[in-house]
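Here the structure comes first, spelled out in structure tokens, and everything after it is commentary.
Atoms within each ligand, like the ligands themselves, are counted from 1 in listed order.
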Amino acid sequence: MREKYNQLTTLLGQIADLRHTAALLEWDQQTYMPEGAAVARGRQIATISTIAHNMSTSPELGSLLDELQSWAEGQGVDSTVCSLVRVARRDYMKEVRVPADYVEEFSIVTTAAHHAWTDARAKSAFAIFRPHLEKIVELNKRYISFFPPADHPYDTLLDNFEPGMKTAEVKAIFEKLRPAQVKLIQAISGRQQVNDKFMNLQYDEQKQWDFGVMVATAFGYDWRRGRQDRSAHPFTTSFSMDDVRITTRFEKNSGASALFSTMHETGHALYEQGISPELNRTPLEGGASLALHESQSRLWENIVGRSLPFWEYFYPQLQKIFPAHLAGIRLDDWYMGINRVERSLIRVEADEATYNLHIMLRLELEIAMIEGSINVKDLPEAWNARMQQYLGITPPDDAHGVLQDIHWAGGMLGYFSTYALGNLISAQLWEKHAADNPGIEEQMRKGDFTRLLDWLRGNIHCHGRKFEPQKLVERVTGRGIDP
Ligand code: CO
């Protein structure tokens with residue numbers, strides 16, 4: 001059986017190599033590739049992805065997984081061997097259900113939809129995007145039909161981003177959270193608003209870059225196994241656990257946005273860099289789920305990076321770098337400014353207090369589209385009605401409403417809730433960490449994050465994809481995701 005297991009890990013290693021190679025091509029596409037190379041690059045990525053797909057749906061892989069199953073279970077349910085076979089099998093069973101012609105059609109439809117969405121958003125005209133989104137909803141329904149019926153059809157989509165998570169669970173979490181959150185925001189809106197004008201100034205990009213690098217280094221990002229570049233949208237990608245890269249962007253007149261985005265991506269990257277080396281080149285390398293991944297980025301960006309102890313250490317240094325901007329701004333003003341709460345239209349610019357409501361709105365609309373209780377043509381109205389209900393504001397046009405996100409154009413339904421779940425998990429992990437390490441605030445005041453990172457490594461990062469997200473959260477905190 002050992003020999004069969006070696007055959008399996010060899011095959012899975014080759015698949016991992018191909019996927020990482022495609023990721024490297026995609027990274028280049030978003031950073032340095034000249035525009036003219038787009039068509040050729042698209043073809044190259046498609047070729048490599050097809051080879052990887054063929055290998056990961058091959059009968060050879062299927063029979064190895066069958067043969068190894070009971071032997072692997074005999075190694076103990078939490079063992080690496082058993083987890084590897086279980087997760088590889090899960091991935092395999094999913095991939096083989098989806099016919100090749102569907103994959104091709106999906107790719108054609110979403111490529112066209114992406115163009116249409118860009119155009120529709122620029123013109124703020126939902127009608128341009130509507131027929132494409134209708135096709136995408138139909139495709140997602142067809143995708144669901146390839147799988148055995150679940151409790152709710154949306155479960156099948158959600159499972160691709162949050163393994164094991166059920167629609168009913170997410171709904172229950174959000175239904176408990178929403179009224180409290182709406183009430184909180186109403187209360188804040190009734191108060192005098194915080195001044196954050198110093199945020200909307202022009203800050204030197206190189207200095208912002210240097211400061212971001214300093215913070216990422218303090219967090220524990222390993223530059224020997226990573227690097228930072230610029231891209232239109234910040235992201236983290238990895239080509240192995242020894243090459244985990246982040247990107248950032250600078251926006252005019254938005255002082256700290258690059259800094260917080262660097263902290264966010266560093267959080268994602270620390271997760272990938274911290275996965276146990278024994279999981280290298282296996283399906284277990286990578287985060288447990290999107291929500292777990294987002295819990296790491298949010299923890300570093302929001303819980304650490306917007307806290308007073310963090311800035312007690314870093315603010316004097318920031319002031320020294322930007323004396324013209326910040327000399328007259330006290331630490332307390334800065335701290336209040338970076339934590340300003342405001343009801344706003346755009347999800348990616350939303351603060352911590354309002355963010356989850358943007359997500360709940362999207363989840364409800366996605367579920368309704370899959371259930372068929374709402375038609376795509378009625379989406380803008382439904383969107384605006386919920387914005388009014390949850391946040392008390394109405395988008396002036398579709399570009400600031402239903403057309404703002406790229407996800408649906410990419411065919412992705414089932415993705416959004418992971419952002420809000422990640423916020424919740426980050427808070428739960430923090431609570432547990434603070435109990436285990438009561439000196440954390442004092443450590444942050446000294447710019448020392450070693451114990452925090454060690455704790456995250458030992459409890460979350462090292463396991464990679466071994467455990468389902470809910471089970472991992474329960475293992476660490478003693479309960480599942482809890483609003
Ligand atoms: Co993120």
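A cation-pi arrangement is absent between R230 and F250 under the rule of less than 6.0 angstrom and at most 45 degrees off the ring axis. In this structure, R298 satisfies the cation-pi test against Y355, with its NZ or CZ atom closer than 6.0 Å to the six-membered ring centre and inside 45 degrees of the ring normal.
Residue contact annotation: H264 places an N/O/S atom under 2.8 Å from the Co ion (ligand 1). Note on E265: not counted as a metal contact of the Co ion (ligand 1), no N/O/S atom lying under 2.8 Å.
Our summary of the site lists the angle at the Co ion (ligand 1) between NE2 of H268 and OE1 of E294 as 90°, to the nearest 10 degrees.
Just one residue in the list I440, L456, V304 forms a side chain to side chain contact (heavy atoms under 4.5 Å, CB included) with F449, and that residue is V304.
Using modelled atom types and a 3.5 Å distance limit, the side chains of R19 and S56 yield a donor-acceptor pair.
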